[in-house]
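First up is the structure itself, then whatever we jot down about it.
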Amino acid sequence: MLQKPRGTRDFLPDEMERRRLIEQRMREAARRWGYREVCTPDFEHLELFTMKSGEGIIQEMYTFEDKGGRQMTLRPEVTAAVLRMYVNEGKVLPKPIRWCYIADCFRYERPQKGRYRQFWQFGVELIGADTASADAEVIMLARDVIGSSGATFDLRVGHLAPMKHLLSALSQEDQRAIMACLDKRDQGALEASLDEKDLGHLSEPLAALSECQTVAEVFEIAGDVPERARIEETFALLDAQGIDYQPDFGIARGLDYYTGMVFEGFARNLGAENQIVGGGAYRLAHLFGGDDVASCGFAIGFDRVMVSIGEFPLDPGTVVGVVSTPEARERALEVARAFRGAGVRTEVNLMQRGMGAQIAHAAKTADFAVVLGKREVDAGTVTLRDLHSGEQRECGLEEAIAEVARYGDR
RNA sequence: GCCAGGGUGGGGUAGACGGUUAUCCUAAGGGACUGUGGAUCCCUCGACCCGGGUUCGAAUCUCGGCCCUGGCCCCA
């Protein structure tokens, strides 16, 4: 038997309906903030992602050579593509640009709980607004979007400047190594790395920075960094709106392109892979030949949100099953068309079943049976049977449709 | 790439000291029932993940692979 590729999933109708419902709620949440949906190609030039994240990620991607000999890859994330799109065709749009997307991404990694080789991300990019208000908007929007799904999570907000300030005397390479340890919260590796570079004196302030409970404490440790006003303003905006978050200046995100504010969100009921959102302020457009525009965004792990909220009941809507004798088959199609025209989900019999078997089947899958036989065809009527109560009556088609519609409004 | 535990009809399972035709539930299709219900009864369909080895004989023992679950690494 042929199996689906490792780390991929099939979605049956029930699950697909749940996913579409949650997607729609997320889109709607973003729309209310003015974020409009965009779509980029499923595959891109490999270069787009190596320019952003380095050559090392090639082994984690689904890369291939196309028939023209071009090095291509299935997208491992969406931000780079959206910024490429901005450079290609978004430059002249009025700023700020507010875009959102939901897209599947591909990474060649070992699957585990909440991690698949094909997975979906819902994200936003806010381009061209380099302000505390922009930082705060993106964080509040992330809350709104995830909240719309019903998932709960812990939000942590930080800023890279204080940490970078502490590490300012170090080379880029050393900074990167230290921040990698901080990102992993690996105290042992951090100490070893600092000792090795004869930077033991940084151990205590770096640890203290990660422990800060308030923004004020941050500057006692890191000093009066130039970004101080911006940071204070961002956090003040969040506080004023009553946003529930934890300051965390130990977030390093291990990323080269984040420039300022960074944030992460974690679900409590997932396994080892419990981060459901990550984002921050960054600059990428200049890498792709555009202006050095400030941007801010986030990406939500849609599949993790779905795992986190679990199964929930669906409303299938009212279903009508049309039951007919062979001589009423054509009338059955007319009647079904009329119900569908009124917006009702209507299924006709396709099997060679007797009336009893048809009704038995309808009783399992529908709310109403519309029974059509010689009698109804001759009289120009339908028999409408309520499959929940067992009551039935013969009436005109329009009357039957009206009753079914009323049931849907109950 | 690494570690642990798994893999028996569509779903859930029994069988494991190697030995008849692999158990049961459920779902699905048909019939009893050619104008009316989910019940009942009957019938049908349908599985030992793949490949090598040991053996007279393997679902069972063994080796390798694939896949699943969780964890490590990684996480743009």
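These values consider heavy atoms only, across backbone and side chains, with no hydrogens, waters or symmetry-generated copies. Sequence lines set the chain letters: A, B, ... in the order given, protein chains first and strands last, and positions in each chain run from 1.
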Inset, instruction - Starting from P on B:rC73, measure out to CD1 on A:Ile57 and report it in whole angstrom. - result: 20 Å
Inset, instruction - Mind checking A:Gln358 for me? I need base, sugar-phosphate or nothing, with any heavy atom below 4.0 Å counting as a touch. - result: nothing
Inset, instruction - Could you tell me whether A:Glu28 and A:Arg31 have a side-chain N and a carboxylate O separated by less than 4.0 Å? - result: yes
Inset, instruction - Identify whether any heavy atom of A:Arg353 sits under 4.0 Å from a base atom; if not, whether one sits that close to sugar-phosphate; answer base, sugar-phosphate or nothing. - result: sugar-phosphate
Legend entry - Selected nucleotide, minimal atom distance to A:Leu387 side chain, candidates B:rG37, B:rC74, B:rG71: B:rG37
Inset, instruction - Check if the side chain of A:Arg107 and the base of B:rC75 share a donor-acceptor pair of N or O atoms closer than 3.5 Å. - result: no
Inset, instruction - Describe the nucleic acid contact of A:Gly278 in one word from base, sugar-phosphate, nothing, applying a heavy-atom distance below 4.0 Å. - result: nothing
Legend entry - Sub-6.0 Å ring centroid separation between A:Tyr257 and A:Tyr282: yes
Legend entry - Euclidean distance, atom NE2 of residue A:His361 to atom P of B:rA28 [Å, nearest integer]: 8 Å
Inset, instruction - Find which nucleotide of RNA chain B each of A:Pro76 and A:Lys4 is nearest to by heavy atoms, and output the residue with the more 5' nucleotide. - result: A:Lys4
Legend entry - Strand partner of B:rU21, provided both Watson-Crick or wobble distances fall under 3.5 Å: none
Inset, instruction - Write down the partner of B:rC61 under the Watson-Crick or G-U wobble criteria, each distance required to be under 3.5 Å. - result: B:rG53
Legend entry - Rounded interatomic separation in angstrom, taking CD1 from A:Ile251 and P from B:rA76: 12 Å
Inset, instruction - May I ask you to check whether A:Phe119 and A:Phe106 place their ring centres under 6.0 Å from each other? - result: no
Legend entry - Residue A:Ile359, side-chain heavy atoms: nucleotide from B:rA76, B:rC74, B:rG37 that is nearest: B:rG37
Inset, instruction - Return the nucleotide paired to B:rA14: Watson-Crick means purine N1 to pyrimidine N3 with N6-O4 or O6-N4, wobble means G-U with N1-O2 and O6-N3, both under 3.5 Å. - result: none
Legend entry - Rounded interatomic separation in angstrom, taking CG from A:Asp10 and C1' from B:rG10: 13 Å
Legend entry - Nucleotide B:rC75, atom P - distance to CZ of A:Phe266 in whole Å: 14 Å
Inset, instruction - Could you please name the option among B:rC66, B:rU36, B:rA28 that lies closest to any side-chain atom of A:Gln3? - result: B:rC66
Legend entry - Interatomic distance at P, B:rG65 relative to B:rU55, whole Å: 24 Å
Inset, instruction - Calculate the interatomic distance between A:Met351 atom CE and B:rA28 atom P; express it in whole Å. - result: 11 Å
Inset, instruction - Send over the distance from A:Gln352 CD to B:rC33 C1', rounded to a whole Å. - result: 16 Å
Legend entry - Pairing partner of B:rC73 (Watson-Crick or G-U wobble, both distances under 3.5 Å): none
Inset, instruction - For A:Gln392, answer base if it contacts any base atom (sugar-phosphate contacts may also be present), sugar-phosphate if it contacts only those atoms, and nothing otherwise; contact means non-hydrogen atoms under 4.0 Å. - result: base
Inset, instruction - Among B:rA76, B:rG37, B:rG29, find the nucleotide with the atom closest to the side chain of A:Ala360. - result: B:rG37
Legend entry - A:Arg9 to A:Tyr116 six-membered ring, cation-pi geometry met (6.0 Å, 45°): yes
Inset, instruction - Would you please confirm or rule out a distance under 4.0 Å between OP1 or OP2 of B:rC74 and any side-chain N or O of A:Lys184? - result: yes
Inset, instruction - Could you measure between the two P atoms, the one in B:rG57 and the one in B:rC67, and give it in whole Å? - result: 32 Å
Legend entry - Short N-O contact, A:Glu334 and A:Arg337, less than 4.0 angstrom: no
Inset, instruction - Would you kindly give the CZ-to-P distance between A:Arg375 and B:rU36, to the nearest whole Å? - result: 10 Å
Legend entry - Distance between P atoms of B:rG46 and B:rU23 (Å, rounded): 14 Å
Legend entry - Rounded distance in Å between the C1' positions of B:rG12 and B:rA47: 13 Å
Inset, instruction - Establish, yes or no, whether a centroid distance under 6.0 Å links the rings of A:Phe266 and A:Phe153. - result: no
Inset, instruction - State, yes or no, whether a side-chain contact exists between A:Val262 and A:His159 at a heavy-atom distance under 4.5 Å. - result: no
Inset, instruction - State plainly whether the residues A:Glu273 and A:Arg115 are in salt-bridge range, i.e. N to O under 4.0 Å. - result: yes
Inset, instruction - Check every strand shown and say whether A:Glu376 touches a base, only sugar-phosphate, or nothing at a heavy-atom separation below 4.0 Å. - result: base
Inset, instruction - Using the P atom on both, measure B:rU26 against B:rG64 and round to a whole Å. - result: 41 Å
Legend entry - First of A:Lys113 and A:Glu273 reached from the 5' end of RNA chain B, by closest nucleotide: A:Lys113
Inset, instruction - Please measure how far the P atom in B:rG15 lies from the corresponding atom in B:rG9, and state the result in whole Å. - result: 16 Å
Legend entry - Distance, C1' atom - from B:rG52 to B:rC17, rounded to whole angstrom: 25 Å
Inset, instruction - May I ask you to say what A:Gly279 touches in the nucleic acid, namely base, sugar-phosphate or nothing, with a heavy-atom cut-off under 4.0 Å? - result: nothing
Inset, instruction - Please state whether the phosphate of B:rG70, meaning OP1 or OP2, lies under 4.0 angstrom from any side-chain nitrogen or oxygen of A:Gln112. - result: no
Inset, instruction - Between B:rA27 and B:rU34, how far apart are the C1' atoms? Round to whole Å, please. - result: 27 Å
Inset, instruction - Indicate, with a heavy-atom threshold strictly under 4.0 Å, whether A:Gly354 touches base, sugar-phosphate, or nothing. - result: nothing
Inset, instruction - Would you mind pulling out the nucleotide paired to B:rU44, Watson-Crick or G-U wobble, both distances under 3.5 Å? - result: B:rA28
Legend entry - From B:rC74, B:rA76, B:rG37, nucleotide with atom closest to A:Ala363 side chain: B:rG37
